[in-house]
Amino acid sequence: MGTNCVTYDFSAIERHWQEKWARDRTFRAMEDFGKKKYYVLDMFPYPSGAGLHIGHPEGYTASDIIARYKRACGYNVLHPMGWDAFGLPAEQHAIKTGMSPAINTTNNVDVFRKQIQSFGFAIDWDREVNTTDPNYFRWTQWIFLQLFKHGLAYVDEKPVWWCSELKSVLANEEVINGVSERGEYPVERKNLRQWVLRITKYADRLLDGLKDVDWPESTKRQQVAWIGKSTGAHVTFKVENHSASVAIYTTRPDTLYGATFVVLAPEHELVSTIVSDGQRAAVEAYIERAKSKSDLERTDLAKSKTGVFTGAHAINPVNGEPLPIWIADYVLRSYGTGAIMAVPAHDDRDYEFAKKYGIEIRQVIRWENSSELPFCGDGKLVNSGEFTGLDSKQAKEAIIDKLSRLRSGSRAVNYKLRDWLFSRQRYWGEPIPVVWVEKPDYDFMLQQDDFYFKEFLPENEISYTSEGLTFCAVPLTPKELPLALPKVDSYIPSDNGESPLAKAKSWTNIYINPISGEIIPVREFAAGTPGTWVRGRRETNTMPQWAGSCWYYLRYMSPHHSSALVEEHSEKYWQQPDMYIGGAEHAVLHLLYARFWHKFLYDIGAVSTPEPFKKLFHQGIILGEDGTKMSKSRGNVVNPDDVIGRYGADALRLYEMFLGPLEAMKPWGTRGIEGVSRFLKKTWNFYIADGGEIKPFGDESSQQVQDVSNETIGKVTQDIENLRFNTAISQMMICLNTFVKEKSVSRVHATQFLQILTPFAPHISEEIYSRLDGTVNSISLLPWPTYTGKSDRENAVKLAVQINGKLRGECRVDRNTECDRIIEIVKKDDRLNKFLTGKTIVKTVFVPAKIINIVVE
RNA sequence: GCUCGGGUGGCGGAAUGGUAGACGCUGAGGACUUAAAAUCCUUUGUCCGCAAGGGCGUGCGGGUUCGACUCCCGCCCCGAGCACCA
């Protein structure tokens, strides 16, 4: 049953069908194991206070078209939605207003849900997840504990990015060009105790796995570049007149004979040991200067290189030559060994440095078409002792072999990828489920015969030392999960880098029982409490926002399951998303972290597939009408609620898909939506008479209608498969225009048109279908119409005629006409023949039923 | 700097070796209307021409081909990512 509206009243129609779908749970995903499954996933949104952005429904509409299409094709479709709701904006809102981020988040989610539902997406709302729901994040915490147990989580006191404005540590990825990604505030280096995840252990597998997924090449390339694997050698240089030696990493061992100096990063721990007395003052001054430089200054490529001689020399292991050791901030402590051999003849940076400080530049590679130094490619070796004459590739191997014999070097692999800094000094995140106890208490716990935690501990204990005391990490037991956030008076972090949770003393200070695993707050602990107890302090750091989004696609498979993160048989059935649609801004971080967790879960047997996302697609960005990024300050923001109010959800869905290729960046155009809106009205008027009743449709269609209908089914099907929705819509427009012109359209063709329109504009299609036929409860239950192949009924074709490659006309012929016959026809046509008279035909190229090209002289 | 993607009417875009500009927007003219909106019809790359017709045309310059927006070489411009990674 539809509405009773007489004209195309989209608000009434859309409200009616959305309510009906919700009531009937039309789009519930069932675990029907006899049916092939299709899992289509959107990157779930962060429910910001600003409400839904016009860009959100672009990806959601695309995935919805696929979901509805696949369902009509007979698949059992899973198309869920949820909320990535931990994160900084809610916390900053809390700091500003004092309102709890939990309440604020719930409000925002309610707004987002309502807005998303107003698009009529075929989502199974029974499976909604929310990363801030304790029943969700207990499993995020559980995964963390598994990582902990398997030695993939550790603490490290190390320099991290500290943003004093946000009062928080940021991950490398959250710092862009020396300022915070969010807010663009200045950042500095600060030493803090941090949780770190050992993603580097998975570097090779994260690289290899990319071969097996259907992802945009550019995204794969970005991940490859981020992992940054390189192969080369470690070479050890003895320091002259000193017991120390310097280890360097190079990808060019073939240039070893061209090394004329060695450079250490200013932070390299060897610097203070090897520096000569004469140079000490200059070196210390340089280090001091380097420290005060911001990262932006240090990495500024435009500035010239600087450095200081240490007074020490390193001995080149292959020829015994002493090379001056310099320090310079163009060498990074964090990559490789923090030290390099400098080969100015064959490295741009070393060349620039050597030029500036008058250091020898020695060519050891010769190449064809010799141009000037530096030359950084491969070639033939010169001035390289016994290796002279080899080409670079052979020389690399040969020189590494010699280094191995000399015990001065070996083959080595290096990655740009660093371990993942996993703790944040924030309130609004998942608490890290760990308790710290002092070392003597920890040893006492370990000595207990029936020590509960044995199976939850990593091989090597995790500990840190502060003010002379050593603390060891004890994981919470699964019984203690979820570890919920405590209530706090203030959400403001302290200036010393501690999370706001540190101020919730009654929450942080606890007693832990090594035998039962139980935890009780200090205030509940009395002298008479039975059992063995040890004092502890909860970890007060929380997890980064990435944590919850690392595994949400698994939770959708069994969102209410209470004894595992995903129910085994559900995971076996749904396996992984077949299609994942979301923005390219997540090309590296989210998609790399999720792959890391997934591979880990695969290793511990929690999931059965090695990769989380089979096929990935990035929708482009919708720009403002002026062609720039939508922003409040520019005043070019389009509000989806306004557009739906004015044109309806179907029109907005259709328009966003019609705008251009899904992956392209394209500007919004207010006039453009008028076009698709007219198309919908035209559709309505084609089916519905003035009084609101359905027009009569007979049993016969004209030939034209049959052909255009069939062609449209074929084109739209292909275009949906290839996510080319813009051309699918133009084909439907062509089809409708033909219908309107031809008028003799059968019931079957009238129904089929509505069916292929359904994934794009489901409300109007349901409404018209309910008046046209309505034998089934929803048009989405009808099987997708089939394309019957190219019609051979259409025999007369227009054949293009070219003479010397230039289009001169066309002729109407039977599609099977032979080449010779066509030349005769052309000769009889005065307008064509005039290009042939007095010329000889040298050659003809003939494509049957398409084109003929006559070459004359 | 390196890597990748792109450059087609007034605009969004179609066509990946076979009739460039589908489809939509806009503009112009017309029908209906007292009028307007809505709707419908015609037209809309550009130059010459009254017209018939013809020339030019997919960033620029070459090339391959019977035929190039499409493939190859060189250049210009725009966008994205990475950015002293040794």
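Labels below follow one simple rule: chain letters A, B, ... track the order of the sequence lines, proteins then strands, and each chain is numbered from 1.
Between the C1' atoms of A51(B) and G12(B), the separation comes to 35 Å (whole Å). A distance of about 24 Å separates the C1' atoms of G81(B) and G59(B), rounded to the whole Å. Distance check on atom P: C75(B) versus A22(B) gives 35 Å, rounded to whole Å. When the P atom is compared between C69(B) and A20(B), the two are found 8 Å apart, to the nearest whole Å. Across the P atoms, C84(B) and U64(B) are found 44 Å apart, a figure rounded to whole Å. As rounded to the nearest Å, C77(B) and U58(B) have C1' atoms that lie 16 Å from one another. Comparing U39(B) with C32(B), their C1' atoms are spaced 9 Å from each other, to the whole Å. Look at the C1' atom in both G5(B) and U43(B): the space between them is 37 Å, to the nearest Å.
As a whole-Å value, the separation of F261(A) CZ from A86(B) P is 16 Å. Spacing between atom CG of L736(A) and atom C1' of G24(B) amounts to 14 Å, rounded to whole angstrom units. In this structure, CE of M341(A) is placed 20 Å from P of C84(B), rounded to the nearest angstrom. In this structure, Q222(A) atom CD and A83(B) atom P are separated by 10 Å, rounded to whole Å. Rounded to a whole Å, the CD1 atom of I803(A) is 11 Å from the P atom of G55(B). K416(A) places its NZ atom 10 Å from the C1' atom of C2(B), with the value rounded to the nearest Å. Computed from coordinates, the D719(A) CG to A22(B) P distance equals 17 Å when rounded to whole Å. Taking atom CG of residue D829(A) and atom P of nucleotide G53(B), one finds them 11 Å apart after rounding to whole Å.
At a cut-off of 3.5 Å, with distance as the only test, no side-chain donor of S677(A) or Y655(A) sits close to an acceptor on the other residue. A donor-acceptor pair shorter than 3.5 Å cannot be found between the side chains of N853(A) and T844(A). A donor and an acceptor atom, one from each side chain of Q223(A) and R595(A), are located under 3.5 Å apart.
Put simply, the side chain of I622(A) reaches to within 4.5 Å of the side chain of E656(A), judged on heavy atoms.
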Protein N or O to nucleotides 12-15 of chain B N or O, pairs below 3.5 Å:
{"from": "G12(B)", "atom 1": "O2'", "to": "L659(A)", "atom 2": "O", "distance (Å)": "2.6"}
{"from": "A14(B)", "atom 1": "OP1", "to": "N726(A)", "atom 2": "ND2", "distance (Å)": "2.8"}

What are the atom names and distances for every N/O pair under 3.5 Å that joins the protein to nucleotides 17-21 of chain B?
{"from": "U19(B)", "atom 1": "O2", "to": "E810(A)", "atom 2": "OE1", "distance (Å)": "3.2"}
{"from": "U19(B)", "atom 1": "N3", "to": "E810(A)", "atom 2": "OE1", "distance (Å)": "3.2"}
{"from": "U19(B)", "atom 1": "O4", "to": "K798(A)", "atom 2": "O", "distance (Å)": "3.4"}

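Comparing G55(B), U26(B), A86(B) by their nearest atom to the side chain of R671(A) picks out U26(B). When the nucleotides C56(B), A86(B), C23(B) are ranked by their closest atom to the side chain of K806(A), C56(B) comes out on top. In the set U3(B), C84(B), A86(B), A86(B) carries the atom at the smallest distance from any side-chain atom of T251(A). Here G54(B) is the nucleotide among G54(B), C84(B), C66(B) with the atom lying nearest to any side-chain atom of F835(A).
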Side chains of residues 668-675 of chain A: which donor-acceptor partners sit under 3.5 Å, not counting sequence neighbours?
{"from": "T670(A)", "atom 1": "OG1", "to": "E625(A)", "atom 2": "OE1", "distance (Å)": "2.9"}
{"from": "T670(A)", "atom 1": "OG1", "to": "E625(A)", "atom 2": "OE2", "distance (Å)": "3.2"}
{"from": "E674(A)", "atom 1": "OE2", "to": "Y647(A)", "atom 2": "OH", "distance (Å)": "3.1"}

Please list, one pair per line, the donor and acceptor atoms closer than 3.5 Å that link side chains of residues 227-235 of chain A to other protein atoms, with sequence neighbours excluded.
{"from": "K229(A)", "atom 1": "NZ", "to": "D204(A)", "atom 2": "OD1", "distance (Å)": "2.6"}
{"from": "S230(A)", "atom 1": "OG", "to": "Y249(A)", "atom 2": "OH", "distance (Å)": "2.6"}
{"from": "S230(A)", "atom 1": "OG", "to": "Y335(A)", "atom 2": "OH", "distance (Å)": "3.3"}

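Nucleotide G81(B): paired with C2(B) (Watson-Crick or G-U wobble, both distances less than 3.5 Å). If you check A68(B) for Watson-Crick or wobble pairing at under 3.5 angstrom, you find it has no partner at all. Across all strands shown, nothing is found opposite A51(B) as a Watson-Crick or G-U wobble partner with both distances under 3.5 Å. Across every strand in view, C25(B) sits in a pair with G10(B) that passes the Watson-Crick or G-U test at under 3.5 angstrom. In this structure, C40(B) and G30(B) make a Watson-Crick or G-U wobble pair, each of the two defining distances being under 3.5 angstrom. Under the Watson-Crick or G-U wobble criterion, with both distances below 3.5 Å, C56(B) is paired with G45(B). If you check A15(B) for Watson-Crick or wobble pairing at under 3.5 angstrom, you find it has no partner at all.
Here G7(B) is in the anti range [glycosidic angle more than 90° from 0].
Mapped onto RNA chain B by nearest heavy atom, N737(A) and V855(A) fall at different nucleotides, with N737(A) at the one closer to the 5' end. Judged by closest nucleotide on RNA chain B, M733(A) is the one of M733(A) and K843(A) placed further toward the 5' end.
Residues passing the salt bridge (Lys or Arg N to Asp or Glu O under 4.0 Å) test with D347(A) are R349(A), sequence neighbours excluded. Annotation: side chain to side chain contact (heavy atoms under 4.5 Å, CB included) contacts of T817(A) (sequence neighbours excluded): V813(A), D814(A), R821(A), I822(A). Partners of K682(A) according to the salt bridge (Lys or Arg N to Asp or Glu O under 4.0 Å) rule, which considers only residues two or more places apart in sequence or in another chain, do not exist here. With sequence neighbours excluded, the residues that form a ring pair (Phe, Tyr, Trp, His ring centres under 6.0 Å) with W684(A) are Y8(A). Scored by the salt bridge (Lys or Arg N to Asp or Glu O under 4.0 Å) test, K715(A) finds D719(A) as partners (sequence neighbours excluded). Judged as a salt bridge (Lys or Arg N to Asp or Glu O under 4.0 Å), and not counting sequence neighbours, D9(A) has no contacts.
The phosphate of A86(B) has neither OP1 nor OP2 within less than 4.0 Å of any side-chain N or O from Y330(A).
Using a 4.0 Å heavy-atom cutoff across all strands shown, S230(A) reaches sugar-phosphate atoms only and no base atom. Among the protein residues, N414(A) comes within range of no part of the nucleic acid, since none of its heavy atoms lies under 4.0 Å from any strand.
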Exercise for the section: Encode nucleotides 38-49 of chain B as B, S and - characters from 5' to 3', where the letter depends on protein heavy atoms closer than 4.0 Å: B to the base, S only to sugar-phosphate, - to neither. Expected result: -SS---------
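Below 30°, between 30° and 60°, or above 60°: for Y357(A) and W326(A) the angle between ring planes is between 30° and 60°, a tilted geometry.
Evaluation of the salt bridge (Lys or Arg N to Asp or Glu O under 4.0 Å) test over residues 840-853 of chain A, restricted to residues two or more places apart or in two chains, returns none.
Taking a 6.0 Å sphere around NZ of K355(A), one finds it holds 12 or fewer heavy atoms contributed by other residues, nucleotides or ligands.
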